Amino acid sequence: SYVGAVFDALKTRMLSKRQFVERSAAFFVLPDFADPIASEFAAKAWQPEKSPAVLRSLAANLAAIDADQFQGERVAAAVADRPAGVSSGEAQRAIRLALTGTSVGATLQVTITTMGRQRVLDRIEHALKYFE
């Protein structure tokens, strides 16, 4: 089940049940970028000259992966393939912001495979609409 997959994705990163409840919310609802925590992270993570290209590149890469291959190395390669002039850290922060609205959580590969392609693409679209 999706709830079980979220639990598996986060169980090694959470120190308490409260942390699990707080951080698992990102898997079930779109990020609220006006929220103080998300807003603070966005101030550090969103770069208007780079972040949109990162998200569009990721969306294209993920859309090109066949549904039965949407896991592991294929997703990791999609995340690693970033536009020229964008560091790995810059790309990862922009992606994490778009997907979860927080700076902490499971790895991006685990987050993306757990959420699934459509949920990730919806969140990318949501972030682009909000920040552009």
Side-chain angles (χ1 to χ4, degrees):
S1 76
Y2 185 62
V3 173
V6 170
F7 177 78
D8 288 343
L10 295 175
K11 68 183 176 187
T12 62
R13 297 204 175 254
M14 302 304 119
L15 301 175
S16 68
K17 291 177 185 176
R18 179 178 179 187
Q19 277 187 343
F20 177 77
V21 170
E22 290 171 352
R23 295 185 182 156
S24 67
F27 284 85
F28 298 97
V29 295
L30 287 172
D32 176 4
F33 300 118
D35 173 83
I37 293 171
S39 181
E40 182 179 337
F41 180 46
K44 299 173 189 173
W46 187 260
Q47 297 181 43
E49 68 285 355
K50 295 180 179 182
S51 298
V54 167
L55 296 182
R56 286 189 177 93
S57 174
L58 178 63
N61 290 341
L62 294 177
I65 300 172
D66 291 334
D68 62 335
Q69 298 292 314
F70 197 82
Q71 57 190 333
E73 292 177 16
R74 297 294 304 270
V75 170
V79 171
D81 181 26
R82 59 190 182 276
V86 178
S87 74
S88 176
E90 291 169 331
Q92 289 177 11
R93 284 187 295 277
I95 294 166
R96 185 169 299 285
L97 173 66
L99 300 185
T100 69
T102 71
S103 62
V104 295
T107 66
L108 287 176
Q109 177 182 337
V110 169
T111 298
I112 291 168
T113 56
T114 301
M115 286 183 171
R117 180 191 354 243
Q118 193 56 54
R119 189 174 276 116
V120 170
L121 295 176
D122 290 347
R123 286 161 189 261
I124 289 171
E125 182 179 340
H126 173 68
L128 289 170
K129 284 181 181 177
Y130 183 87
F131 289 107
E132 289 189 308

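In this text, all values refer to a predicted model and were calculated from it rather than measured experimentally.
- For the atom pair Leu128 CG and Arg56 CZ, the distance stands at 5.0 Å (nearest 0.5 Å).
- Taking 4.5 Å as the limit, every side-chain heavy atom of Pro31 sits out of range of all side-chain heavy atoms of Leu99.
- Every residue meeting the side chain to side chain contact (heavy atoms under 4.5 Å, CB included) condition with Glu49, not counting sequence neighbours, appears here in chain and number order: Gln47.
- Phe131 and Phe33 have tilted rings, their planes meeting at an angle from 30° to 60° on a 0 to 90° scale.
- Across every non-hydrogen atom of Leu62 and Arg117, the tightest pair is O-NH1, 2.8 Å.
- Of the possible polar contacts, one joining the Thr113 side chain to the Gln109 backbone as a donor-acceptor pair under 3.5 Å is found.
- The cluster map of Ile, Leu, Val, Met, Phe, Trp and Tyr, joined by side-chain heavy atoms under 4.5 Å apart, puts Ile124 and Ile95 in the same cluster.
- Not a single donor-acceptor pair under 3.5 Å links the side chain of Arg123 to the backbone N or O of Leu97.
- Side-chain N or O atoms of Arg93 include none that pairs as donor or acceptor with a backbone N or O of Ala45 at under 3.5 Å.
- Residues Val120 and Met115 come closest through the heavy atom pair CG2-CB, 3.8 Å.
- Side chain of Asp35 to backbone of Ile37: a donor-acceptor contact under 3.5 angstrom is found.
- Heavy-atom contacts from other residues, nucleotides or ligands closer than 6.0 Å to CD of Gln69 number more than 12.
- Linking Ile, Leu, Val, Met, Phe, Trp and Tyr whenever their side-chain heavy atoms come within less than 4.5 Å leaves Phe41 and Val104 in two separate clusters.
- Linking ILVMFWY side-chain heavy atoms closer than 4.5 Å, directly or via other members, places Leu108 and Phe28 in a single hydrophobic cluster.
- The shortest non-hydrogen separation linking Glu132 to Pro52 is OE2-CB, 3.3 Å.
- Transitive grouping of hydrophobic side chains (ILVMFWY, heavy atoms separated by less than 4.5 Å) brings Ile65 and Val54 into a common cluster.
- The residue from Arg119, His126, Gln118 that alone fulfils the side-chain hydrogen bond (donor to acceptor under 3.5 Å, both in side chains) condition with Asp122 is Gln118.
- Each of Val110 and Tyr2 belongs to its own hydrophobic cluster when Ile, Leu, Val, Met, Phe, Trp and Tyr are linked at side-chain heavy-atom distances under 4.5 angstrom.
- Counting only residues at least two apart or in different chains, side-chain hydrogen bond (donor to acceptor under 3.5 Å, both in side chains) contacts with residues 74-88 comprise Asn61-Asp81, Ser87-Glu90, Ser88-Gln92.
- Counting all heavy atoms, side chain and backbone alike, Val86 lies closest to Ala91 at CG1-N, 3.8 Å.
- Side-chain contact between Phe27 and Val3: absent, with no pair of heavy atoms (C-beta onward) separated by less than 4.5 Å.
- Shown here is Glu73, whose CD atom has no more than 12 heavy atoms of other residues, nucleotides or ligands within 6.0 Å.
- Here the shortest heavy-atom pairing between Ala106 and Leu10 reads N-CD2, 3.8 Å.
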